Amino acid sequence: MVRTLRPQVVGHEVQSLWTSGKALRLGRPLDTAALKKFAVGGRIVAVRRRAKYVVMDVALPDGTMGTSLVHLGMSGRLRVQPKDQERPAHTHVIWVLKDGREIRFSDPRRFGLVKAARDEAAHEELAALGPDPLSDLSAAYLEAELATSRAPLKAFLLDQSRIAGLGNIYVCEAMFISGLHPALPAHRAKERAAALFEAIQQTLREALVHGGTTLRDFIDSEGHSGQHQHSLWVYGREGDPCHKCQTPVKRKVDGGRSTFFCRVCQKR
DNA sequence: AAAACACCCTGCCTGC
DNA sequence: TGCAGGCAGGGTGTTT
């Protein structure tokens, strides 16, 4: 999302901002006043990613900065479209650009998050996040963290305070690639930390090369689907043959979420 | 400390 | 064709 959004909007001025006023995550109403205060009249100077958050930095006319934060949740989308194009259903925030285009956040399920503050440090959501797997994680750090947890490996990897940015799909994929069972207590995976680290990075890098994974909702800011869903090892493949050993892929549910794995290739 | 579950919300797909 | 049930890439809060 960031890779397609950045070249479209950096350097452009935010003329005005509109919100639906509807509540997003946890019933929290959109803070329209803050979203305006930290963007309107300013120039977008950077679009970045921190874990699963899209971070947009704006240089304001009074010389100060503003930082807007977007989490797409399950069904959130960011699109850049001309203002006269029909807006997507369930649009909740629009940054109107001076050149006649608009950045539109839509989110049917409203599990997403959009907020703004003075800077990144003022967003408490970001403070509790662990290292990013592609830039700040090392095999040594992962090994040390694994050693401190008895939780099932899958729960450990989904915990954003341990490692930030892995979701259900990529956790399933990384566990398959490294041959680790989702129920394995985290501390018992410590000897395999290097393999797990490599699997996590490989999974994310390949997904990025393929433009993301589109199962239902994901499209980038230009409206293109990802292609990585065609390269998944186990996710969504219940009953289909394992790509390594042909054993049917298993699905189990824990904590209300599906886990896909191969009971032959992934040892406890 | 950690697991299990409910919950926020809409859309889509399946089976009856 | 309609309806009910199940499912969904996330995160938080409560209970066990």
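Here the structure is a predicted model, which is why all the values come from computation and not from measurement. Residue numbering restarts at 1 for every chain, and letters A, B, ... go by the order of the sequence lines.
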N/O donor-acceptor pair under 3.5 Å between [X] side chain and [Y] backbone:
X	Y	result
A/His123	A/Thr67	yes
A/Thr214	A/Arg216	no
A/Arg257	A/Val253	no
A/Arg205	A/Val209	no
A/Asn168	A/Ser258	yes
A/Ser106	A/Thr91	no
A/Asp159	A/Ile163	no
A/Gln201	A/Phe197	no

Check: Can you list every side-chain hydrogen bond (donor to acceptor under 3.5 Å, both in side chains) pair that touches residues 174-192 of chain A, not counting sequence neighbours?
Finding: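 Found none.
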Item checked: Pairs where residues 26-55 of chain A contributes a residue and the test side-chain hydrogen bond (donor to acceptor under 3.5 Å, both in side chains) is met, not counting sequence neighbours ->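 Sorted pair list: A/Thr19-A/Thr32, A/Arg48-A/Asp57, A/Arg48-A/Glu120, A/Arg49-A/Asp132.
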What nucleic acid atoms does [X] come within less than 4.0 Å of, heavy atoms only: base, sugar-phosphate, or nothing?
X	value
A/Gly27	nothing
A/Arg251	sugar-phosphate
A/Tyr170	nothing

Check: On the ring face of A/Phe38, is A/Lys115 found with NZ or CZ under 6.0 Å from the centre and within 45° of the axis?
Finding: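 The answer is no; the distance or angle limit is not met.
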Checklist line | Selection: residues 105-127 of chain A, any non-hydrogen atom under 4.0 Å of DNA chain C | finding: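 By residue number: A/Arg109, A/Phe111.
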Notebook entry, point to check: Which residues, if any, of residues 204-223 of chain A bring a heavy atom under 4.0 Å of DNA chain C?
Noted result: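 Under 4.0 Å from DNA chain C: A/Thr213, A/Thr214, A/Leu215, A/Arg216, A/Asp217, A/Phe218.
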Taking the same atom, [atom1], in [N] and in [M], what whole-Å distance lies between them?
N	M	atom1	value
B/dC9	C/dG2	C1'	23 Å
B/dA6	C/dG6	P	13 Å
B/dC8	C/dC3	C1'	24 Å
C/dT1	B/dT10	P	26 Å

Next item on the list: Consider only side-chain N and O atoms of A/Ser20 and A/His92, and report whether a donor and an acceptor are under 3.5 Å apart.
Entry: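 A donor-acceptor contact under 3.5 Å links the two side chains.
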Notebook entry, point to check: Between A/Asp217 and A/Ser75, do the side chains contain an N or O donor and an N or O acceptor separated by less than 3.5 Å?
Noted result: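 Per modelled atom types, A/Asp217 and A/Ser75 side chains form no pair under 3.5 Å.
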Check: Does the pair A/Lys252/A/Asp254 count as a salt bridge with the N-to-O cut at 4.0 Å?
Finding: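 Salt bridge present between A/Lys252 and A/Asp254.
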Notebook entry, point to check: Considering residues at least two apart in sequence or located in another chain, which fulfil the salt bridge (Lys or Arg N to Asp or Glu O under 4.0 Å) criterion with A/Arg6?
Noted result: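 Not a single residue meets the salt bridge (Lys or Arg N to Asp or Glu O under 4.0 Å) criterion with A/Arg6.
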Check: With sequence neighbours left out, what residues match A/Glu173 under salt bridge (Lys or Arg N to Asp or Glu O under 4.0 Å)?
Finding: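 Result, salt bridge (Lys or Arg N to Asp or Glu O under 4.0 Å) vs A/Glu173: none returned.
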Check: Given pairs defined as Watson-Crick or G-U wobble with both distances under 3.5 Å, what dot-bracket annotation applies to DNA chain B, with ( ) intrastrand, [ ] crossing, | other strand and . unpaired?
Finding: .|||||||.|||||||
Next item on the list: Hey, could you give me each pair passing salt bridge (Lys or Arg N to Asp or Glu O under 4.0 Å) that has a residue in residues 76-99 of chain A? Not counting sequence neighbours.
Entry: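 Residue pairs passing salt bridge (Lys or Arg N to Asp or Glu O under 4.0 Å), neighbours aside: A/Glu13-A/Lys98, A/Asp99-A/Arg101.
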Next item on the list: For DNA chain B, determine which residues of residues 150-157 of chain A have any heavy atom closer than 4.0 angstrom to one of its atoms, and list them numerically.
Entry: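 Close to the strand are A/Arg150, A/Ala151, A/Pro152.
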Check: Going 5' to 3' on DNA chain C, which nucleotide is the first and which the last to come under 4.0 Å of a heavy atom in chain A?
Finding: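 Listed 5' to 3', the contact boundaries are C/dC7 to C/dT12.
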Next item on the list: Please identify each residue that fulfils ring-ring contact (aromatic ring centres under 6.0 Å, His included) with A/Tyr170, with sequence neighbours left out.
Entry: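 Once residues adjacent in sequence are excluded, A/Tyr170 has no partner under the ring-ring contact (aromatic ring centres under 6.0 Å, His included) criterion.
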Next item on the list: Walking along DNA chain B from 5' to 3', note the first and the last nucleotide with an atom under 4.0 Å from a heavy atom of chain A, and give both.
Entry: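 Range of nucleotides touched by chain A: B/dA2 to B/dG11.
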